[in-house]
Amino acid sequence: QVQLVESGGGSVQAGGSLRLSCAASGYIIGGACMGWFRQSPGKERVGVARIASDGSTTYVDSVKGRFVITRDSAKNILFLQMTSLKPEDTAEYYCAAAQFRGRGVRCSTERNDFTYWGQGTQVTVSS
């Protein structure tokens, strides 16, 4: 059974930093397509960043230069380092993992590319 457990959320002032973690069990994150998503009240869940099987990364424009997605394959943990946080970054953040891996598997920041989801961790940025 795949479990993804996020942690590291909290409340910070604008300009601050947080590092989110996503611990995986029943799933090997090394070589997998994984992503971070966020959802604000009344809005759809949207992709923020993803890391592909080859380690390449993609970010949505709103977080480029501020967020970094990485993984520690030895510890089986996915991270999202967030800096220069803005009030508009306030949301519930979710990590996600693709069901399939390998060449030819699509890996984007779209929800349909992911099968497994964590329960979320809240990030609140005050001005």
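Residue numbers run from 1 in the order of the sequence given.
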List in chain and number order the residues that pass salt bridge (Lys or Arg N to Asp or Glu O under 4.0 Å) with Arg45, two or more places apart in sequence or in another chain; answer none if no residue qualifies.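 Expected list: none.
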
Whether the side chain of Asn76 engages the backbone of Tyr27 through a donor-acceptor N/O pair (distance < 3.5 Å, no angle test) should be reported.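 Present.
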
Which atom pair, heavy atoms only, marks the closest approach of Ile51 to Leu78?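 Here Ile51 and Leu78 meet closest at CG2-CD1, 3.9 Å.
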
Taking all heavy atoms of Tyr93 and all of Val48, pick out the closest pair and write down the distance.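 Closest approach of Tyr93 to Val48: CE2-CG2, 4.4 Å.
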
Contacts table for residues 11-23: side-chain donor-acceptor under 3.5 angstrom, sequence neighbours left out:
none

Contacts of type side chain to side chain contact (heavy atoms under 4.5 Å, CB included), residue [X], not counting sequence neighbours:
| X | answer |
| --- | --- |
| Glu88 | Lys86 |
| Ala52 | Arg50, Asp54, Ser56, Cys107 |
| Ala96 | Phe37, Phe114, Trp117 |

Would you say that [X] contacts [Y] through its side chain, given a criterion of any heavy-atom pair below 4.5 Å between the two side chains?
| X | Y | answer |
| --- | --- | --- |
| Thr70 | Gln81 | no |
| Arg38 | Tyr94 | no |
| Ile69 | Tyr59 | yes |

Tell me whether Tyr116 shares a hydrophobic cluster with Leu80, the cluster being built from Ile, Leu, Val, Met, Phe, Trp, Tyr side chains joined at under 4.5 Å.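 They do share one cluster, since a chain of ILVMFWY contacts under 4.5 Å joins Tyr116 to Leu80.
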
Go through the structure and list residues passing side-chain hydrogen bond (donor to acceptor under 3.5 Å, both in side chains) with Asp61, not counting sequence neighbours.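 Listed in chain order: Lys64.
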
